[in-house]
Amino acid sequence: PRHWFVPGWLGGPTLIAAAGGMGKSTLVQQQTTLGAVGRPYIAPQEAPFTSLVVNCEDDHDEVWRRQAQICAHEGIDMASLAGHLHIVSRVGCDNALMALVQGSLVATPFMEQLRQQVNDLRADVLVLDNIAHLFLGDHDDRTQATAFINAICALVSGRPFAPVFVAHVSRAQGSEFTGSVAWENAVRMRWFLGNRLPDEPIKSGEQQSDTSRVRFLCKRKSNYSVQDIVRFTVTDAGLLAPAHEPEHVSGMVAVLDERKAEQVCIEGFKTLKVMGLHPSDSKSSPDYLPRQLLEKQLAKGYSRSVLTKAMNQLMAGGKFTRGEVAKYSNRNARMGLILGEDGE
């Protein structure tokens, strides 16, 4: 069986990217803290795991303050983390693991030091925060980026190991990571953290501050599991997942999530039509739209009930209508969903 430290989310080399200030470091510190005691955060987990976090941007005191807030909120005794969570602040240190020397990419002495540390601690998860400090090669060169990821994966052999590469996005609107596509291709999982759903269009004049306390962690690439989204709320204690939030959900968050589910239905409908299928709103039909979205892996992590609600809302709004989409062999009309022009 494939080994997961966080089922469906963390089981091998993973890239997580976000703009500055989104909470990448907080997210990985919370996940490794709860992972150390075997409690769910991003998703339920079956057993505790041991993490080594190499933090190049937060000094010792800031890491400690954040840890104290996380432990206080979660009711975790810091002593219970001993042996399972190791956080190293390397602010002001020479942090290069690989660098260009006379045009060639070479490993530095820190790489061997890290290899020994990861194996001495028996770390299951290694968080590198962030690669701008740790990789001094050409981030736009796919050969160099691949070589760096492979070198980190090779630090451990003979047991499950999940290195996590923390990165920033580029300045271009809509960017989900920076550098060569090798950063995505060479890992098995890519996460994106932002204050809006990544496929949500930014309308002219829209105030992004409306969602400043909301974060979406989106699984944008996954070789071994379906894409998924987890919504967080920003608090003084960090990024709180839905299981930790109060029962009520803000109207803006609910609207954003419903809008995203509706867009998934529309885009999935178009893809199914290209496949030669005729999606239907009839639950008894094999072409029932939510059923086909799930079977063809077009649901983007949404459940059947959520997709059904989104489809019904689209019908109520006139974007989907029921009509004749084809004819059966006996010339009887075949009814199905029709996407209106405003859904294009």
Side-chain angles (χ1 to χ4, degrees), residues 3 5 10-18 20 24-25 27-29 31-32 35 49-60 63 83-170 176-191 221 223-224:
H3 184 87
F5 297 109
L10 183 59
T14 299
L15 174 69
I16 173 173
K24 301 182 296 298
S25 299
L27 177 77
V28 295
Q29 192 164 339
Q31 177 58 81
T32 52
F49 57 82
T50 298
S51 301
L52 170 61
V53 180
V54 179
N55 190 314
C56 299
E57 295 193 331
D58 294 313
D59 62 26
H60 172 274
V63 169
H84 291 290
L85 178 60
H86 310 273
I87 305 178
V88 180
S89 171
R90 291 187 58 88
V91 172
C93 299
D94 183 356
N95 292 318
L97 290 168
M98 297 188 81
L100 287 173
V101 177
Q102 297 181 346
S104 298
L105 188 65
V106 298
T108 68
F110 182 32
M111 181 73 84
E112 174 58 21
Q113 178 186 338
L114 183 63
R115 184 190 69 79
Q116 295 183 26
Q117 189 175 23
V118 166
N119 287 284
D120 287 345
L121 297 172
R122 298 289 296 177
D124 303 305
V125 174
L126 170 66
V127 178
L128 299 177
D129 188 6
N130 62 58
I131 58 176
H133 293 266
L134 297 158
F135 177 64
L136 298 190
D138 185 349
H139 287 244
D140 294 319
D141 187 306
R142 65 181 182 180
T143 300
Q144 293 184 27
T146 300
F148 175 67
I149 292 172
N150 285 342
I152 297 300
C153 291
L155 293 175
V156 171
S157 61
R159 61 185 176 88
F161 177 57
V164 178
F165 302 87
V166 181
H168 288 104
V169 298
S170 70
E176 295 186 18
F177 64 95
T178 188
S180 164
V181 293
W183 291 107
E184 177 177 56
N185 293 341
V187 297
R188 302 298 86 189
M189 187 83 68
R190 178 171 69 82
W191 302 351
K221 173 200 173 177
N223 285 37
Y224 309 125

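For the single chain, residues carry numbers from 1 onward in sequence order. What you see is a predicted model, and the numbers here were worked out from it, not measured in a lab.
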Could you tell me whether the side chain of [X] and the main chain of [Y] form a donor-acceptor pair under 3.5 Å?
X      : Y      : result
Asn119 : Leu155 : yes
Ser170 : Thr178 : no
Thr108 : Val106 : no
Lys221 : Leu15  : no

Search all heavy atoms of [X] against all heavy atoms of [Y] and return the closest pair with its distance.
X      : Y      : value
Val28  : Val166 : CG1-CG2, 4.4 Å
Ser180 : Arg142 : OG-CB, 3.0 Å
Leu10  : Thr14  : CD1-OG1, 3.6 Å
Arg90  : Asp94  : NH2-O, 3.0 Å
Phe148 : Leu134 : CE1-O, 4.0 Å
Ile149 : Ala186 : CD1-CB, 3.6 Å

Requested in this report: Kindly determine whether Gln31 and Val127 satisfy side-chain contact (heavy atoms from CB on, under 4.5 Å), including the steps that lead there.
Outcome: CA-CA 11 Å; Gln31 177 58 81; Val127 178; over 6 Å; no
Report summary line: Contacts of Phe5 meeting ring-ring contact (aromatic ring centres under 6.0 Å, His included) (sequence neighbours excluded), chain-then-number -> His3, Phe49
Got a second to check how far [X]'s [atom1] is from [Y]'s [atom2], nearest 0.5 Å?
X      : Y      : atom1 : atom2 : result
Leu114 : Ile152 : CG    : CD1   : 6.0 Å
His133 : Leu97  : NE2   : CG    : 12.0 Å
Gln113 : Asp120 : CD    : CG    : 11.0 Å
Phe177 : Ile16  : CZ    : CD1   : 14.0 Å
Asn95  : Phe110 : CG    : CZ    : 6.0 Å
Gln29  : Ile87  : CD    : CD1   : 4.0 Å

**Report entry** Flag side-chain contact, heavy atom, 4.5 Å: Leu52 against Gln117
**Finding:**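 Result yes, sub-4.5 Å side-chain heavy-atom pair found.
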Query raised in the report: Do Ile131 and Trp183 have side chains that get closer than 4.5 Å, going by heavy atoms?
Result: yes
Requested in this report: Output all residues satisfying salt bridge (Lys or Arg N to Asp or Glu O under 4.0 Å) with Glu57, sequence neighbours left out; order by chain, then residue number.
Outcome: none
**Report entry** side-chain hydrogen bond (donor to acceptor under 3.5 Å, both in side chains) partners of Thr50, counting only residues at least two apart
**Finding:**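 Thr50 satisfies side-chain hydrogen bond (donor to acceptor under 3.5 Å, both in side chains) with His84 once adjacent residues are dropped.
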Report task. Please step through side-chain contact (heavy atoms from CB on, under 4.5 Å) for the pair Arg190 and Glu176, ending with a clear verdict. Result -> CA-CA 10 Å; Arg190 178 171 69 82; Glu176 295 186 18; 2.9 Å; yes
Query raised in the report: Is it true that atom CZ of Arg188 has more than 12 heavy atoms of other residues, nucleotides or ligands lying nearer than 6.0 Å?
Result: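 Atom CZ in Arg188 is packed in, count exceeds 12.
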